[in-house]
*Asks:* 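Sending over a structure as structure tokens; questions will come in a sec.
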Protein chains: 2
Amino acid sequence: MTDAGRRRGRPSTGVREAVLAATEAILGESGVARLSTKEIARRAGVAESSIFYHFGDRLGLLQAVVALHLPRFKDVADGLVPGEGGLRANLVALLDGLVAFYARVAPILAAVQADAELRARFADRGAGEVIGPRRGVAPIAAYLAGERELGRVRADLDVEAAAMVLLAVAHQRAVLGRLSDGPAPGGTGDAVDVLLAGLAAG
Amino acid sequence: MTDAGRRRGRPSTGVREAVLAATEAILGESGVARLSTKEIARRAGVAESSIFYHFGDRLGLLQAVVALHLPRFKDVADGLVPGEGGLRANLVALLDGLVAFYARVAPILAAVQADAELRARFADRGAGEVIGPRRGVAPIAAYLAGERELGRVRADLDVEAAAMVLLAVAHQRAVLGRLSDGPAPGGTGDAVDVLLAGLAAG
DNA sequence: GTCTATACCTAGATAGAC
DNA sequence: GTCTATCTAGGTATAGAC
């Protein structure tokens with residue numbers, strides 16, 4: 001590892017960053033299936049061997065790409081303040097933000113699902129679960145708990161379960177958007193309305 | 001179980017079936033990343049060239065695997081009769097069934113997401129959307145509509161949107177189960193409770 | 001329809017000059 | 001730290017005997 005402490009040695013010439021960017025681009029356009037070190041190097045305008053210098057091997061590179069996106073998971077609920085704005089509007093905005101986030105991360109999530117070796121390498125560090133929604137649940141659940149205190153949300157709501165449902169819907173819409181190259185059927189508003197009012201007859 | 005319209009020519013010697021089974025097995029265990037015609041042939045106990053004889057090329061094989069699972073999508077809501085049994089119990093059973101279904105299909109869905117070429121081949125036939133939940137929505141929405149008529153479900157419920165949410169939750173749980181090698185946090189019951197009662201304070 | 005054998009290519013990875 | 005050059009294994013796909 002050359003860089004744990006960050007910028008201890010030589011100044012970066014941007015190769016590492018270019019490689020990461022190219023990897024993400026290919027992942028988004030073509031998926032892991034077509035992700036080769038050769039094409040990454042070509043697109044990054046970099047020697048193929050530089051990839052191995054920086055990341056050790058192909059999987060190390062994939063790991064780095066995944067790691068790059070994990071911290072951003074917690075930003076999804078930023079700007080949401082319980083009590084401010086309408087509950088429905090807040091949820092629609094949250095859901096839209098989540099869908100956009102998942103649309104960016106979906107190719108990477110798909111890569112992890114499609115590559116057992118990559119999955120295994122994360123399991124070794126116990127980081128497999130980090131990819132899941134656990135990181136995302138907390139801030140959303142916190143927001144819902146805030147609204148619950150204010151009485152805008154059912155007093156007996158299981159906020160973690162509700163946050164999971166929101167994440168599930170967002171992920172679904174992002175995946176569908178990628179599969180059919182268009183937005184998923186129905187709007188985010190429809191889903192929010194279902195969630196707000198529930199299924200059971202009142 | 002000699003299948004439907006085919007069996008016009010020579011009797012099958014089971015090679016085709018063995019190849020499909022081996023492909024699914026590898027897809028489930030390792031993902032597309034490691035899916036090679038060589039390993040498929042090895043596991044199926046078959047000559048590699050037979051794969052190309054039956055399916056043309058690697059993508060043709062993948063297509064066949066996907067096609068194999070599409071018809072089963074509509075069976076997920078079978079056995080659900082509006083009015084029979086408790087609404088909550090029905091939904092829990094439905095969700096559990098959906099999770100099991102998605103757990104089987106998830107590797108294939110991941111493969112499609114991870115391979116742009118495969119995605120494109122389905123887009124050509126307009127079948128890309130078939131992979132999505134559209135097939136699954138109808139029977140679930142029909143069940144919900146039935147319950148709505150009986151007054152056990154909100155009169156103004158958007159049944160399609162609700163069905164989508166159920167599918168989203170099921171897919172999420174299946175994916176999480178694969179990523180962390182254990183059931184997803186919370187039970188299906190928790191999600192159902194959220195969906196039944198909704199978020200908003202009554 | 002299924003096999004063996006093989007052609008041909010691209011993959012991931014390393015060595016060593018600068 | 002980055003490059004050029006190269007090795008080897010494995011990938012998809014085809015030819016032709018049976």
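Just so we're on the same page: letters track the sequence lines, and every chain starts at 1.
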*Asks:* Rounded to the nearest Å, what distance is computed from the CG atom of residue B/Leu59 to the P atom of nucleotide D/dG11?
*Replies:*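 Roughly 16 Å, once rounded to whole Å.
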*Asks:* Whole angstroms only, please: what is the CD-P distance between B/Glu48 and D/dG10?
*Replies:* 13 Å
*Asks:* To the nearest angstrom, how far is B/Arg58 atom CZ from D/dG11 atom C1'?
*Replies:*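 Answer to the nearest Å: 9 Å.
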*Asks:* Output side-chain donor-acceptor pairs under 3.5 Å for residues 38-48 of chain B, partner residues at least two apart or in another chain, one line each.
*Replies:*
unit_1, atom_1, unit_2, atom_2, d
B/Arg43, NH1, B/Glu29, OE1, 3.0
B/Arg43, NH2, B/Glu29, OE2, 2.9
B/Glu48, OE2, B/Thr37, OG1, 2.7

*Asks:* In terms of side-chain heavy atoms of B/Phe52, which of D/dT12, C/dC3, C/dG12 is nearest?
*Replies:*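 For B/Phe52, the side-chain atoms sit closest to D/dT12.
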*Asks:* For residues 158-171 of chain B, which side-chain N or O atoms pair as donor and acceptor with protein atoms under 3.5 Å away, sequence neighbours left out?
*Replies:*
unit_1, atom_1, unit_2, atom_2, d
B/Asp158, OD1, B/Glu160, N, 3.3
B/Asp158, OD1, B/Ala161, N, 3.1

*Asks:* Send over the distance from A/Ile51 CD1 to D/dG1 P, rounded to a whole Å.
*Replies:* 16 Å
*Asks:* In whole Å, what is the span from the CG atom of B/Asp115 to the P atom of D/dT12?
*Replies:*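 Atom CG in B/Asp115 sits about 11 Å away from atom P in D/dT12.
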*Asks:* What nucleotide among C/dA13, D/dC3, D/dG1 has an atom nearest to a side-chain atom of A/Tyr53?
*Replies:*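 The closest nucleotide is D/dG1.
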*Asks:* Under 3.5 Å, is there a donor-acceptor pair between the side chain of B/Arg34 and the main chain of A/Asp115?
*Replies:* no
*Asks:* Can you identify which nucleotide, out of D/dA13, D/dC3, C/dA13, has its nearest atom closest to the A/Ala47 side chain?
*Replies:*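 The listed nucleotide nearest to A/Ala47's side chain is D/dC3.
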*Asks:* Can you tell me if the side-chain N/O atoms of B/Ser49 get under 4.0 Å from OP1 or OP2 in D/dA15?
*Replies:*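 Checking B/Ser49 against D/dA15: no side-chain N or O falls below 4.0 Å of OP1 or OP2.
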*Asks:* Looking at residues 28-43 of chain A, who's got a heavy atom less than 4.0 Å off DNA chain C?
*Replies:* A/Leu35, A/Ser36, A/Thr37, A/Lys38
*Asks:* Rounded to the nearest 0.5 Å, what separates atom CZ in B/Arg154 from atom CD in B/Glu147?
*Replies:*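 Between atom CZ of B/Arg154 and atom CD of B/Glu147 there are 14.5 Å.
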*Asks:* What distance separates B/Arg88 CZ from B/Leu91 CG, expressed to the nearest 0.5 Å?
*Replies:*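 Between B/Arg88 CZ and B/Leu91 CG, I get 9.0 Å after rounding to 0.5 Å.
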